[in-house]
Amino acid sequence: MSNIVLAQAAEAANINAGLAAIGYGLGAIGAAIGVGLIWAAVINGTARQPEAQGQLQGIAWISFVLVEVLALIGLVVYFIASGA
Amino acid sequence: MSDDADTPVDDKPTDDAPVNEHARVVRALADAMLRMSVLPVAITVVVAAIAGYFAAGVPGVAGAVTAGVVASGASLFTLWLMHRTAGMASMFVLGASMGGFLIKMFALLVTMMALRGVEAVDAMTLALTFIAMVLVWATSEAVAFRRTKVPTIVPGR
């Protein structure tokens with residue numbers, strides 16, 4: 001009985017690392033979609049109003065930084081969850 | 001109105017590209033972000049190193065310093081990217097930022113995986129300091145963005 005429990009615990013530890021990797025991948029995809037949407041909006045806005053390009057790029061970069069934080073935190077969570 | 005933009009500016013650093021007002025705005029923003037972030041980031045590293053020392057000893061300090069260096073490198077890479085792509089069209093900046101994002105995430109993943117088995121670095125201190133550093137960098141940059149005066153409309157060249 002205890003051998004079965006130990007085997008299950010070992011298997012759960014193995015699954016944990018894989019799940020952490022999947023979670024990191026999902027987190028990176030979310031941030032990448034966010035970055036794509038941000039720059040798509042900037043391209044659209046610059047095409048409509050080229051005079052505002054500097055303003056729009058500034059807004060885009062700060063949005064990029066904030067979206068990127070999610071991916072970086074996801075990376076750390078992967079690092080912790082995968083059994084650092 | 002556009003005469004000022006067309007007039008060559010003597011006191012600007014001579015570059016082979018003409019003066020681009022949009023690029024100047026983005027570079028000024030990047031510089032402001034860097035200036036605003038230096039002090040909070042340094043304080044965060046010092047506080048994390050002290051906390052790491054009490055929590056895990058010397059490996060805790062090593063973890064805090066390593067996380068500070070790695071997170072700062074990632075954020076400085078973004079600022080460098082802002083400088084490099086400031087004069088480009090938005091579609092090229094999109095490509096550069098996405099490429100930079102991919103390079104950064106891959107480099108950080110490799111770094112973190114390489115540090116996972118190292119006994120001299122406390123993993124939990126490293127991870128928590130990394131989160132704190134990323135949040136401090138992002139907050140400082142957002143504050144700098146808020147305080148920097150960016151002209152709404154830059155007259156066409």
Side-chain angles (χ1 to χ4, degrees), chain A residues 13-14 16-18 20-84, chain B residues 20-26 28-30 33 67 71 74-75 78-79 81-82 85-86 88-91 93-95 97-98 100-102 104-105 108-109 112-113 115-117 122-124 126-131 133-135 137-139 141-142 144-146 148 150-156:
Chain A
N14 289 338
N16 224 14
I22 291 171
Y24 164 68
L26 291 175
I29 288 173
I33 290 173
V35 172
L37 287 176
I38 289 166
W39 288 104
V42 169
I43 291 171
N44 207 350
T46 305
R48 288 173 184 270
Q49 197 170 6
E51 295 86 2
Q53 183 185 345
Q55 171 92 348
L56 291 173
Q57 284 198 359
I59 294 170
W61 276 113
I62 191 66
S63 309
F64 172 78
V65 166
L66 294 176
V67 165
E68 198 181 39
V69 167
L70 296 175
L72 293 173
I73 290 176
L75 176 68
V76 177
V77 170
Y78 159 72
F79 183 66
I80 295 171
S82 64
Chain B
N20 185 340
E21 284 299 316
H22 299 295
R24 195 186 60 75
V25 167
V26 175
L29 190 59
M33 286 175 170
S75 296
T78 302
L79 296 180
L81 216 55
M82 281 180 77
T85 61
M88 294 183 185
S90 296
M91 64 189 81
V93 184
L94 161 66
S97 66
M98 285 297 275
F101 176 70
L102 293 177
K104 188 192 299 182
M105 293 309 292
L108 289 176
L109 182 64
M112 297 294 256
M113 288 178 78
L115 289 173
R116 193 160 50 184
D122 183 55
M124 191 53 74
L126 175 77
L128 295 179
T129 307
F130 193 87
I131 291 178
M133 288 292 294
V134 165
L135 291 177
W137 266 104
T139 307
E141 289 174 347
F145 174 75
R146 182 88 179 101
T148 305
V150 177
T152 305
I153 300 291
V154 175

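Every chain is numbered from 1 and lettered A, B, ... according to where its sequence line falls, protein lines coming before strand lines. FYI, side chains are in, hydrogens and waters are out, and symmetry mates aren't considered; it's all heavy atoms of this structure. Since the model is a prediction, treat every value here as computed from it, not as a measurement.
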Heavy-atom proximity to chain A below 4.5 Å, by part of [X]:
X	answer
L102(B)	neither
L29(B)	side chain
M88(B)	backbone
A86(B)	backbone
A89(B)	backbone
V26(B)	side chain

Residue pairs passing the salt bridge (Lys or Arg N to Asp or Glu O under 4.0 Å) test where at least one lies in residues 23-49 of chain A, sequence neighbours excluded: none
Most contacts with chain A, counted as non-hydrogen pairs under 4.5 angstrom, among L126(B), L109(B), L115(B): L109(B)
Any V25(B) side-chain heavy atom under 4.5 Å of Q55(A) side chain: no
Check: Q57(A) and T85(B) side chains under 4.5 Å, non-hydrogen atoms: no
L56(A) portion near chain B, given a 4.5 angstrom heavy-atom threshold: neither
How many angstroms lie between atom [atom1] of [X] and atom [atom2] of [Y], to the nearest 0.5 angstrom?
X	Y	atom1	atom2	result
W61(A)	T78(B)	CH2	OG1	7.0 Å
I62(A)	M82(B)	CD1	CE	7.5 Å
F79(A)	M112(B)	CZ	CE	5.0 Å

Shortest non-hydrogen contact from S90(B) toward T46(A): OG-OG1, 3.2 Å
Heavy-atom pair of closest approach, residues S97(B) and V35(A): OG-CG1, 4.2 Å
Those residues of residues 64-74 of chain A, ordered by number, that approach chain B below 4.5 Å (heavy atom to heavy atom): F64(A), V65(A), L66(A), E68(A), V69(A), A71(A), L72(A), I73(A)
